[in-house]
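Since the structure comes first, as structure tokens, the remarks are kept for the end.
The figures here come from the full heavy-atom set of this structure, side chains too, leaving out hydrogens, waters and symmetry mates. The structure displayed is predicted, hence computed values, not measured ones.
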Amino acid sequence: MSSEPSTTGTSPRTPRPGAQKSSGAVTKKGDRAAKDKTASTLPPVGEDEPKNPEEYQCTGVLETDFAELCTRSGYMDFPKVVTRPRVQQSSAPSASTSEKPVLDDQRPSASCSQSSLESKYVFFRPTIQVELEQEDSKAVKEIYIRGWKVEDRILGIFSKCLPSLSQLQAINLWKVGLTDKTLTTFIALLPLCSSTLRKVSLEGNPIPEQSFNKLMGLDSTIVHLSLRNNNINDHGAYLLGQALSTLQNSNRTLVSLNLAFNHIGDVGAGYIADGLRLNRSLLWLSLAHNHIQDKGALKLAEVLRPFELTHREVVERRRLLLVKGTQERSRSPSSSRYGDSKAEREKSQTLGISNVTLVDKQEKMQSLKAPKTISKKKEKTGEVVKKEEKLGSGQSPTQGTPKKEDASKAGKGKVTIPEQKMSKGKATKMGAKEKRSILLESEQLVVEATEMVNPLLEPVEHRDGKVFLPGNKVLLHLNLLRNQITEVGLEGFLTAVQYQVQVSKSKTSPKAPLGLLWLSLAKNCFDPQCPTHVMIQELMLPRDPVKAKAKEEEAAPT
């Protein structure tokens with residue numbers, strides 16, 4: 001009995017040394033694995049550390065630069081840059097019909113591999129579509145991003161690679177989930193791009209703050225702006241109208257503005273019309289597919305014909321006229337004798353300068369001008385020196401007669417300045433005058449250009465104690481398709497079109513604005529064959545350059 005437990009007790013003890021050996025071997029293997037792991041985590045000697053994206057110099061190839069910057073920033077699953085597929089022309093219908101059965105035969109079978117399925121779903125992955133120049137296959141002309149959210153890190157990468165694209169002309173973002181923050185980042189990116197960037201399209205990006213007016217700032221260089229399908233309401237229209245023009249400033253770069261497929265009503269149309277009152281750069285405006293009724297239509301039509309200035313506009317106009325008058329007086333020529341004497345007299349009275357100092361000043365001027373006259377009249381050098389020594393009172397060498405001397409004494413040295421100008425050589429006098437006239441004319445042109453932009457300085461009409469400004473004749477294209485305008489709103493547009501047709505017939509200068517050339521009022525709440533609409537169509541048909549050209553081409557064969 002006692003031997004059984006002893007055998008049982010000694011039997012498990014026998015493999016202990018082996019177990020210890022095996023556990024020791026395990027610990028040695030664990031140490032070796034840990035050492036290998038630490039060795040693998042340490043960067044091998046000779047390999048470069050992760051590169052800094054700030055140190056990368058962009059090459060101007062968007063596909064290479066974007067991929068490299070994303071890799072350096074640790075962004076591995078980034079969208080690829082692909083060429084935008086072009087729309088195929090349907091000039092060969094037989095070829096397209098012959099291809100259809102081939103496509104039907106190439107349907108994937110049930111045994112197709114996973115890789116082939118993945119290749120077919122690559123279409124749904126985010127991509128950056130680009131349109132390239134025909135002359136240069138690597139120069140990007142337009143960028144299209146559609147259907148995936150653009151985040152701050154993508155915009156940060158764009159801020160580094162887009163400035164190197166010297167031929168970039170347009171950026172199109174469709175349903176990219178913009179917010180007010182990302183929109184602000186995108187706007188800050190635009191000045192970094194090439195000066196060729198003129199078109200920006202943000203469509204399908206509703207922003208609760210309605211802050212699209214930031215794209216139309218005074219320092220903006222955008223020429224064509226499309227804001228379709230952004231749920232812009234009357235508040236957003238107010239911000240856009242303020243960006244178009246106010247009493248103090250107006251946008252001078254924007255040429256076309258597309259606000260179709262939004263929620264702009266009568267109030268919002270009134271705000272847009274207020275922006276058009278003093279804006280003279282916008283040529284193309286689309287308000288199609290909105291909620292504009294007769295009140296908004298009448299507001300827009302009022303801007304296209306002479307409209308009454310408000311009290312604030314009248315006050316601002318008077319202030320601008322005063323500023324213009326002071327600028328004209330400051331630019332008026334002061335080379336006449338009366339102007340010089342009057343200016344010097346006022347200066348001497350205010351500063352307490354005596355006539356003796358004026359004479360000394362003239363003497364110094366003569367001492368600088370005398371060598372030129374001496375070199376041109378060498379035979380009278382002796383007489384000139386003697387006369388200068390005798391006079392010493394600031395007279396020029398050509399004033400040696402007693403009459404002029406008496407006149408100069410009587411005038412106390414004030415009439416001698418024009419006479420000194422006459423003593424100059426003809427060549428030097430003409431060169432200096434030409435330089436001055438060129439500078440004055442260039443300054444005057446700049447001032448006149450800035451003044452002509454402000455419509456408050458245009459000729460006005462006074463009627464019944466009110467001031468009327470000529471309507472906006474710069475706008476060429478107005479699209480109000482599919483709104484809620486009735487015949488009441490049509491009457492306002494008929495009056496505006498009649499006025500513009502009359503003005504265009506009586507214009508004398510070829511540089512005068514043409515006025516409205518294209519007006520679309522179809523698909524509204526009136527009969528297309530109503531007399532008012534038919535009359536508008538008859539008045540606008542000869543003014544539409546496209547329809548007039550098509551009519552001429554049709555009449556050419558006959």
Side-chain angles (χ1 to χ4, degrees), residues 241 244-245 250-252 254-257 269-270 272-287 296-310 313-314 316-317 320-321 324 448-480 485 487-521 531-549 551-552:
L244 283 174
S245 72
S250 64
N251 185 287
R252 300 181 182 180
L254 192 66
V255 172
S256 67
L257 177 61
I272 299 295
D274 291 339
L276 293 175
R277 288 168 70 94
L278 303 179
N279 182 281
R280 294 298 180 266
S281 65
L282 192 68
L283 306 179
W284 196 96
L285 175 63
S286 176
L287 291 168
L298 291 175
K299 274 281 189 180
L300 291 168
E302 180 186 356
V303 181
L304 303 176
R305 63 177 188 268
F307 55 85
E308 179 187 351
L309 293 180
T310 62
E313 290 171 344
V314 171
E316 181 66 16
R317 180 175 181 273
L320 291 174
L321 289 174
K324 181 181 178 182
E448 287 178 358
T450 56
E451 288 174 353
M452 288 301 293
V453 171
N454 196 329
L456 288 176
L457 295 174
E458 294 177 358
V460 297
E461 183 181 354
H462 297 271
R463 288 182 293 179
D464 302 330
K466 299 177 182 178
V467 183
F468 288 84
L469 193 70
N472 187 333
K473 296 187 290 293
V474 177
L475 188 67
L476 303 179
H477 179 109
L478 179 60
N479 189 356
L480 291 170
I485 303 172
E487 295 186 15
V488 178
L490 281 182
E491 292 291 338
F493 282 108
L494 177 60
T495 307
V497 170
Q498 288 175 343
Y499 164 75
Q500 293 209 356
V501 169
Q502 182 182 0
V503 170
S504 62
K505 289 180 179 179
S506 61
K507 72 174 185 176
T508 57
S509 174
K511 295 183 180 180
L514 300 174
L516 202 63
L517 300 181
W518 196 86
L519 176 63
S520 177
L521 296 168
T532 308
H533 186 251
V534 171
M535 194 175 299
I536 291 175
Q537 293 293 97
E538 291 176 353
L539 291 172
M540 293 299 299
L541 183 60
R543 297 173 62 83
D544 190 351
V546 178
K547 293 182 180 179
K549 187 176 180 180
K551 190 175 181 181
E552 290 177 0

What pair of heavy atoms forms the shortest contact from [X] to [Y], and how long is it?
X: Glu308; Y: Glu313; value: O-OE1, 4.4 Å
X: Pro470; Y: Pro459; value: CD-O, 3.1 Å
X: Ile536; Y: Leu490; value: CD1-O, 3.7 Å
X: Ser245; Y: Gly275; value: OG-O, 2.5 Å
X: Arg463; Y: Phe468; value: NH2-CD2, 3.1 Å
X: Pro542; Y: Glu538; value: CD-O, 3.2 Å

* Going by the side-chain contact (heavy atoms from CB on, under 4.5 Å) test, name the single residue among Leu304, Val474, Asn472 that passes it with Leu276. => Asn472
Using only atom types and a distance under 3.5 Å, with no angle test, would you say the side chain of [X] pairs donor to acceptor with the backbone of [Y]?
X: Asp464; Y: Lys466; value: no
X: Ser281; Y: Leu254; value: yes
X: Gln500; Y: Leu516; value: yes
X: Asn279; Y: Ser250; value: no

Could you measure the distance from the [atom1] atom of [X] to the [atom2] atom of [Y]? Nearest 0.5 Å is fine.
X: Phe493; Y: Arg305; atom1: CZ; atom2: CZ; answer: 9.5 Å
X: Arg317; Y: Leu457; atom1: CZ; atom2: CG; answer: 7.5 Å
X: Asp274; Y: Leu300; atom1: CG; atom2: CG; answer: 9.5 Å
X: Glu316; Y: Asn454; atom1: CD; atom2: CG; answer: 7.5 Å
X: Leu521; Y: Asn479; atom1: CG; atom2: CG; answer: 9.0 Å

Quick one, [X] and [Y] - any side-chain contact, counting heavy atoms below 4.5 Å?
X: Leu282; Y: Asn251; result: no
X: Leu475; Y: Val303; result: no
X: Arg543; Y: Met540; result: yes
X: Lys299; Y: Phe307; result: no
X: Leu285; Y: Ile272; result: yes
X: Trp518; Y: Val546; result: no
X: Val467; Y: His462; result: yes

* **For Glu491, all residues meeting side-chain hydrogen bond (donor to acceptor under 3.5 Å, both in side chains), sequence neighbours excluded** => Thr532
* Before accepting this row, confirm whether a basic side-chain N of the pair Arg280/Glu458 lies closer than 4.0 Å to the acidic partner's carboxylate O. => yes
* Should we say atom CD of Gln498 is surrounded by more than 12 heavy atoms from elsewhere, each under 6.0 Å from it? -> yes
